[in-house]
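Presented below is the structure to which this report refers.
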Amino acid sequence: MGVNYLCSTLNSGRVIADTDTFLSEGKRRWPDCKVVLMDSDKFKTDADIVLDPDGASTIISHFSDGQLISVDGAEFEEAADIAVWVRSLNPDPSLVPWFTTDNFDGHTVLTPGITSQQVIDQWVDHREHDPYAEYPEYLS
């Protein structure tokens, strides 16, 4: 099993995007994607966007609280591209979503207008930087 990537607002309680925005913007970005709706009473997610549904799929999942979007089945570079798209869903500069792995071994803060290359270049390795010590405002 590979690494999953996450775009999260961490402890802020802020919403990245509601389900309708997630789906409509996903269809606009990836016209050939498949959309899957889930019962949010049974699952933590309420919608998936499946890229390349006939091949090795990348799945982008929207969590029902709107504070987390996960990416499964993507290499780092593709996940960085998706993170840029996620950031574009809510351009509010006071929103501070993080792009990280499900192991929380690193992160990039997704600022408005960030590029895929910046997501990659600004990656903070948590083996070298303790996020709990360096970013307590987000992880308290």
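As the structure is a computational prediction, the values presented were derived from the model and not from experiment.
Residues satisfying the side chain to side chain contact (heavy atoms under 4.5 Å, CB included) criterion with Ser24, sequence neighbours excluded, are absent altogether. Every residue meeting the ring-ring contact (aromatic ring centres under 6.0 Å, His included) condition with Trp30, not counting sequence neighbours, appears here in chain and number order: Trp85. Contacts of His129 classified as ring-ring contact (aromatic ring centres under 6.0 Å, His included), with partners at least two apart in sequence or in another chain: none. With sequence neighbours left out, the side chain to side chain donor-acceptor pair (under 3.5 Å) criterion links Thr115 to Gln118. Listed by chain and residue number, Glu78 satisfy the side chain to side chain donor-acceptor pair (under 3.5 Å) test with Thr58 (two or more places apart in sequence, or in another chain). Residues passing the salt bridge (charged side-chain N to carboxylate O under 4.0 Å, His left out) test with Glu25, sequence neighbours excluded: Arg28. Applying the side chain to side chain donor-acceptor pair (under 3.5 Å) test to Thr9 and every residue at least two apart in sequence or in another chain returns nothing. Qualifying side chain to side chain contact (heavy atoms under 4.5 Å, CB included) partners for Asp125, counting only residues two or more places apart in sequence or in other chains: Arg127, Glu128. For Asp121, the side chain to side chain donor-acceptor pair (under 3.5 Å) partners at least two apart in sequence or on another chain are Gln117.
The distance from atom CG of Leu89 to atom NE2 of His62, rounded to the nearest 0.5 Å, is 8.5 Å. Atom CD1 of residue Ile59 and atom SG of residue Cys33 lie 12.0 Å apart, to the nearest 0.5 angstrom. How far CZ of Arg29 is from OG of Ser88: 9.0 Å, rounded to the nearest 0.5 Å. A distance of 7.5 Å separates CG of Leu23 from CG of Asp46, quoted to the nearest 0.5 Å. Atom CG in Asp102 sits 8.5 Å away from atom CG in Asp72 (nearest 0.5 Å). Here CG of Leu10 is found 10.0 Å from CD of Gln67. Values are rounded to the nearest 0.5 Å.
Under the 4.5 angstrom side-chain criterion for Ile, Leu, Val, Met, Phe, Trp and Tyr, the cluster partners of Leu6 are Phe63, Leu68.
Residues Ile60 and Ser70 have side chains not in contact (no heavy-atom distance under 4.5 Å, counting atoms from C-beta outward). Side chains of Phe104 and Pro131 form a contact here, defined as non-hydrogen atoms less than 4.5 Å apart. You'll find the side chain of Val119 reaches within 4.5 Å of the side chain of Val84, heavy atoms only. Looking at Val109 and Thr111, their side chains come closer than 4.5 Å, going by heavy atoms from C-beta outward.
With no hydrogens or angles considered, no side-chain donor-acceptor pair links His126 and Asp105 at under 3.5 Å.
Taking both residues in full, the closest heavy atoms of Phe99 and Ala83 are given as CD1-CB, 3.5 Å, listed atom of the first, atom of the second, then distance. Nearest heavy atom pair, residue Gly106 against residue Thr100, reads O-OG1, 2.6 Å. Considering all non-hydrogen atoms of both residues, Ala79 and Tyr5 come closest at CB-CD1, 3.4 Å. Nearest approach of Ile49 to Gly26, heavy atoms of both residues: CD1-CA, 3.6 Å.
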List the atom pairs, with distances to 0.1 Å, where a side-chain N or O of residues 90-98 and a protein N or O form a donor-acceptor pair under 3.5 Å, not counting sequence neighbours.
from	atom 1	to	atom 2	distance (Å)
Asn90	OD1	Asp92	N	3.1
Asn90	ND2	Val15	O	3.0
Asn90	ND2	Ile16	O	3.4
Asp92	OD1	Ser94	N	2.8
Asp92	OD1	Ser94	OG	2.8
Asp92	OD2	Arg14	NH2	2.7
Asp92	OD2	Ser94	OG	3.1
Ser94	OG	Arg14	NH1	3.3

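Counted within 6.0 Å of CD on Glu134, heavy atoms from surrounding residues, nucleotides or ligands total more than 12; the atom is thus considered enclosed.
Using the six-membered ring where Trp is involved, Trp123 and Phe76 have ring planes that are perpendicular, over 60° apart on the 30 and 60° scheme.
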Residues Leu110, Cys7; criterion side chain to side chain contact (heavy atoms under 4.5 Å, CB included); working and verdict: CA-CA 8 Å; Leu110 300 175; Cys7 297; 4.0 Å; yes
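Contacts classified as salt bridge (Lys or Arg N to Asp or Glu O under 4.0 Å) and involving residues 81-91 (residues at least two apart or in different chains) are not found.
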